[in-house]
Amino acid sequence: MGGRAVAPLRELALLELCRSWRPSRSLAGLPAELSRTVWDQLKAQHVRQAQQAAEDAPPPPIPCSLMFPLVRDVWRVSELDLSDSGRWITDHSLGALVYLHGLKTLRLTMCRFVSDTGVAQLARCVSLSTLDLSWTELGDTALPYLAGCRGLTSINLTGLAGVTDRGVSALLTLTGMRRLALAATSIGDVALDYLTYYLRFPEANTAGAYGFRRLQWLELSNTRITDAGVGKLTAILEDGKPYGKVSC
């Protein structure tokens, strides 16, 4: 009899868990397989409640708050693509990403409702290494905040017309940088002076705290860089080879 009672008790526990669901609920230690059962029940509950509220209307999209405890505690997200999400992704949305402790790659292409100051919250994503902010509305003011993401090795700033030479200088504390895309920005030759300064004058690089010594890939197409600027790049040799791969 005890065995026959297990299934109903499990269903009751599942129903109670979903009935009292809230974004702050902790699911630490919940097995991933069981989390899928919980998620199925939450979705079914969402549909039932929507149907009761308006019988003829289609069920509304599942809100992010419904899956938040699962994303935070169970689903170990390492790569997240939120490109072209319109008004769904705002500064407030970025604040929630801090709970994704394993997040390494984040793509926010075309997310035009994220502000310069909003990206400051990404500095709390300590495992973040790859960030795509292409074709957003960000500019120079955002770049010092990005410098707070000390683990970044790849940044895509393509299409950010508000990024200028001065803004680029704020990134030089990201010494682990390997890939940097600055295509279709407003940078010019001065930006290359900043990018190469600590290679040309290593004595100024106190304790190795500045510069892109590890940079392997640099995208500079559709900018204001001249032939003279490109010459500065190719003149920098490392082990007898040109300074990484330059696309202009």
Side-chain angles (χ1 to χ4, degrees), residues 5-55 57-133 136-138 142 145-152:
V6 171
L9 285 174
R10 178 179 176 178
E11 292 299 321
L12 286 173
L14 180 60
L15 288 170
E16 177 58 25
L17 174 66
C18 295
R19 186 189 66 80
S20 58
W21 195 260
R22 59 187 183 279
S24 60
R25 177 177 290 282
S26 173
L27 298 177
L30 184 72
E33 185 174 345
L34 180 56
S35 75
R36 289 191 285 270
T37 303
V38 172
W39 179 234
D40 289 340
Q41 180 63 37
L42 284 170
K43 290 189 291 184
Q45 175 178 282
H46 176 72
V47 171
R48 287 196 301 270
Q49 291 174 345
Q51 290 175 340
Q52 291 172 0
E55 295 183 359
I62 296 174
C64 294
S65 59
L66 203 62
M67 68 177 76
F68 182 70
L70 291 162
V71 172
R72 181 189 59 210
D73 297 328
V74 185
W75 299 339
R76 300 301 179 186
V77 177
S78 61
E79 183 172 340
L80 192 59
D81 190 342
L82 300 173
S83 300
D84 200 15
S85 296
R87 294 181 179 273
W88 288 101
I89 301 302
T90 62
D91 293 348
H92 181 70
S93 306
L94 296 187
L97 298 179
V98 68
Y99 295 102
L100 303 179
H101 303 296
L103 186 63
K104 296 180 179 180
T105 300
L106 176 62
R107 294 185 174 86
L108 298 171
T109 302
M110 295 288 291
C111 289
R112 298 183 180 276
F113 293 91
V114 172
S115 73
D116 285 355
T117 54
V119 299
Q121 301 175 88
L122 297 179
R124 296 187 293 162
C125 299
V126 294
S127 61
L128 192 63
S129 61
T130 299
L131 180 60
D132 187 341
L133 296 170
T136 59
E137 299 296 324
L138 302 179
Y145 295 119
L146 295 184
C149 304
R150 302 312 296 268
L152 283 176

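Position 1 is the first residue of the sequence; numbering continues from there. Source: prediction; values computed, not measured.
Between Leu133 and Leu138, the shortest heavy-atom contact is CD1-CD1, 3.8 Å. Shortest non-hydrogen contact noted between Leu97 and Leu122 is CD1-CD2, 4.1 Å. Contact record, Tyr145 with Val119: CB-CG2, 4.0 Å, taken as the closest heavy-atom pair. The two atoms that bring Pro69 and Leu66 nearest to each other are CD-O, 3.9 Å, heavy atoms only. The heavy-atom pair separating Met110 from Thr136 by the smallest distance is N-CG2, 4.0 Å. The two residues Ser85 and Cys111 have their closest heavy-atom pair at N-SG, 4.1 Å.
With sequence neighbours excluded, the residues satisfying salt bridge (charged side-chain N to carboxylate O under 4.0 Å, His left out) with Arg19 are Glu16. Every residue two or more places apart in sequence or in another chain that forms a side-chain contact (heavy atoms from CB on, under 4.5 Å) with Arg87 is listed here: Phe113. Legend: residues meeting salt bridge (charged side-chain N to carboxylate O under 4.0 Å, His left out) with Arg112, ordered by chain and number and at least two apart, are Glu137. The side-chain contact (heavy atoms from CB on, under 4.5 Å) test applied to Asp132 returns Arg107, Thr109, Ser134, Asn156, not counting sequence neighbours. Contacts of Arg25 classified as side chain to side chain donor-acceptor pair (under 3.5 Å), with partners at least two apart in sequence or in another chain: Ser20.
Contacts classified as salt bridge (Lys or Arg N to Asp or Glu O under 4.0 Å) and involving residues 32-47 (residues at least two apart or in different chains) are given here: Asp40-Lys43.
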Practice task
Please step through side chain to side chain contact (heavy atoms under 4.5 Å, CB included) for the pair Leu100 and Cys125, ending with a clear verdict.
Solution key: CA-CA 8 Å; Leu100 303 179; Cys125 299; over 6 Å; no
Practice task
Test Gln121 against Asp91 for side chain to side chain contact (heavy atoms under 4.5 Å, CB included), laying out the working first.
Solution key: CA-CA 8 Å; Gln121 301 175 88; Asp91 293 348; 4.1 Å; yes
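Within a 6.0 Å radius of NE2 in His101, more than 12 heavy atoms belonging to other residues, nucleotides or ligands are found.
In this structure, Leu152 CG and Thr130 OG1 are separated by 8.0 Å, a value rounded to the nearest 0.5 Å. One distance of note links CG of Leu108 with CG of Asp84; it measures 11.5 Å at 0.5 Å rounding. From His46, atom NE2 reaches atom CH2 of Trp21 across 14.5 Å, with rounding to the nearest 0.5 Å.
Proximity of a side-chain donor or acceptor of Ser127 to a complementary backbone N or O of Leu103 within less than 3.5 Å is detected. At least one donor-acceptor pair under 3.5 Å links the side chain of Gln45 to the backbone N or O of Cys18. Judged by distance alone, the side chain of Ser93 and the main-chain N or O of Trp88 form a donor-acceptor pair under 3.5 Å.
Results of the side chain to side chain contact (heavy atoms under 4.5 Å, CB included) test with Leu82 over Val114, Leu106, Leu94 single out Leu106 as the only residue that passes.
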